[in-house]
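What you are looking at is a predicted structure, and each value in this text was computed from that prediction instead of being measured.
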Amino acid sequence: MSIATKANALWEYANPKKFLTTSERVQPYFWSAAILCLVVGLIWGFFLTPDDYRQGSTVKIIYLHVPSALMAINVWLMMMVTSLVWLVRRHHVSALAARAAAPIGVVMTMIALATGAIWGQPMWGTWWAWDPRLTSFLILFLFYLGYIALWEAIDNPDTAADLTSVLCLVGSVFAILSRYAVNFWNQGLHQGASIMRAAAVTGADTEEKVSNVFFYPLLLCIIGFVLLFVALLLYRTGTEIRARRIRALLARERVGA
């Protein structure tokens, strides 16, 4: 199958009816897999792993903090892609998918900020610091709130989709900064990427990563968060499509009256 054929097959899901039919069929699998991964990953991580030799039991916040932080950033990047699709192709499902993803993203960002504060207090001696990554994450959170508010403030759905898409593209700068802030600036309390990274030690290249005893349940939690996001996105996008249909029918009735 050629790339063009695959692309055309993908665009078929821009049809709301086809999207609803397919999403309703696959949702139970995503819900089941998400619940299984999260239950196993969180129980494994919180109850079956040892305390860290430096951080003690507080290290176990990693099973909520890291997956939620990753999702907070990647949900916005997903919104950026669907917003671009709306601006270029004018497919309503893509605009509604971005709108559906925003509340999920704002909750993920809140979890990341809250767990980061809880983790940071015993490690840094403060609940908050104007660290580059923390600050850019806070700004990303405000962009989420602004995006949701802008959708609610505009009555015309196409105009709202246009303006929120532009806002999403601007906010993507902060999503990228949130991901790479530690690499851009050396100062700051927040550590760099530690799940897996290369480090030069005594002139030799070595690989530094989270110990496997923590890494495997963390990986399971990350997979669970991703699957949970997909399940919530499919459900919420379907809800947005139905709500749009209802508003269109009510508008027709008012015009007919």
Heavy-atom side-chain proximity of Trp119 to Ile62 below 4.5 angstrom: yes
Shared hydrophobic cluster, Ile139 / Val166 (ILVMFWY, side-chain heavy atoms < 4.5 Å): no
Cluster check Val226, Leu77: I/L/V/M/F/W/Y, side chain < 4.5 angstrom: yes
Rounded distance (nearest 0.5 Å) linking atom CE of Met108 with atom CG of Leu113: 13.5 Å
Pairwise side-chain contact, Pro157 with His92, heavy-atom cut-off 4.5 Å (strictly under): no
Shared hydrophobic cluster, Ile241 / Leu249 (ILVMFWY, side-chain heavy atoms < 4.5 Å): no
Donor-acceptor under 3.5 Å (His65 side chain, Thr115 main chain): no
ILVMFWY cluster, Phe19 and Tyr29 together (side-chain gap under 4.5 Å): no
Pairwise distance CE(Met110) to CZ(Phe141) - rounded to 0.5 angstrom: 5.5 Å
Verdict with reasoning, Ser165 to Leu84, per side chain to side chain contact (heavy atoms under 4.5 Å, CB included): CA-CA 7 Å; Ser165 295; Leu84 279 172; over 6 Å; no
Test item: Leu36 and Val40 side chains (from C-beta on) under 4.5 Å apart, heavy atoms: yes
Gap between atom CE of Met78 and atom CG of Asn74 - 0.5 Å precision: 11.5 Å
Validation row: Leu138, Leu134 side chains within 4.5 angstrom (heavy atoms): no
Met79 backbone acceptor or donor facing Thr82 side chain under 3.5 Å: yes
Test item: Pro67 and Leu218 side chains (from C-beta on) under 4.5 Å apart, heavy atoms: yes
Heavy-atom pair with the smallest gap, counting every atom of Cys37 and Gly224: CB-CA, 3.7 Å
Parallel, tilted or perpendicular: ring planes of Phe214 versus Tyr63, cut at 30 and 60 degrees: tilted
Which atom of Pro217 lies closest to which atom of Asn212, heavy atoms considered: CD-O, 4.3 Å
4.5 Å side-chain heavy-atom contact, Val170 and Met80: no
Least distance between heavy atoms, Ala101 atom then Val75 atom: O-CG1, 3.6 Å
Heavy atoms from other residues, nucleotides or ligands near CZ of Phe229 exceed 12 (cutoff 6.0 Å): yes
Check: Phe46 and Leu64 side chains under 4.5 Å, non-hydrogen atoms: yes
Full working for side chain to side chain contact (heavy atoms under 4.5 Å, CB included) between Val107 and Ile111: CA-CA 6 Å; Val107 171; Ile111 295 173; 4.0 Å; yes
Minimum-distance pair of heavy atoms, taken over all atoms of Ala72 and Thr109: CB-OG1, 3.3 Å
Val88 with Leu96, same ILVMFWY side-chain cluster at under 4.5 Å: no
Ionic contact status for Glu240 with Arg244, cut-off 4.0 Å: no
Gap between atom CG of Leu227 and atom CD1 of Ile222 - 0.5 Å precision: 12.0 Å
Glu152 and Arg99: CA distance, side-chain angles, deciding distance, side chain to side chain contact (heavy atoms under 4.5 Å, CB included) verdict: CA-CA 10 Å; Glu152 297 297 330; Arg99 182 179 187 178; 3.2 Å; yes
Check against side chain to side chain contact (heavy atoms under 4.5 Å, CB included), Val230 and Phe225: CA-CA 9 Å; Val230 174; Phe225 267 72; over 6 Å; no
Rounded distance (nearest 0.5 Å) linking atom SG of Cys221 with atom CD1 of Ile43: 10.5 Å
Gap between atom CH2 of Trp76 and atom OG of Ser172 - 0.5 Å precision: 7.0 Å
Within 45° cone of Trp86 ring axis and under 6.0 Å: Arg89 NZ or CZ: no
Salt-bridge present (Arg247, Asp155; N to O < 4.0 Å): no
The single option from Lys18, Lys17, Arg242 passing salt bridge (charged side-chain N to carboxylate O under 4.0 Å, His left out) against Glu24: Arg242
Where Ile118 and Ile61 come nearest, the two heavy atoms and their spacing: CG2-CD1, 3.7 Å
Over all atoms of both residues, closest heavy-atom pair of Ser23 and Leu234: CB-CD2, 3.9 Å
Leu163 side chain reached by Tyr147 side chain, heavy atoms, under 4.5 Å: no
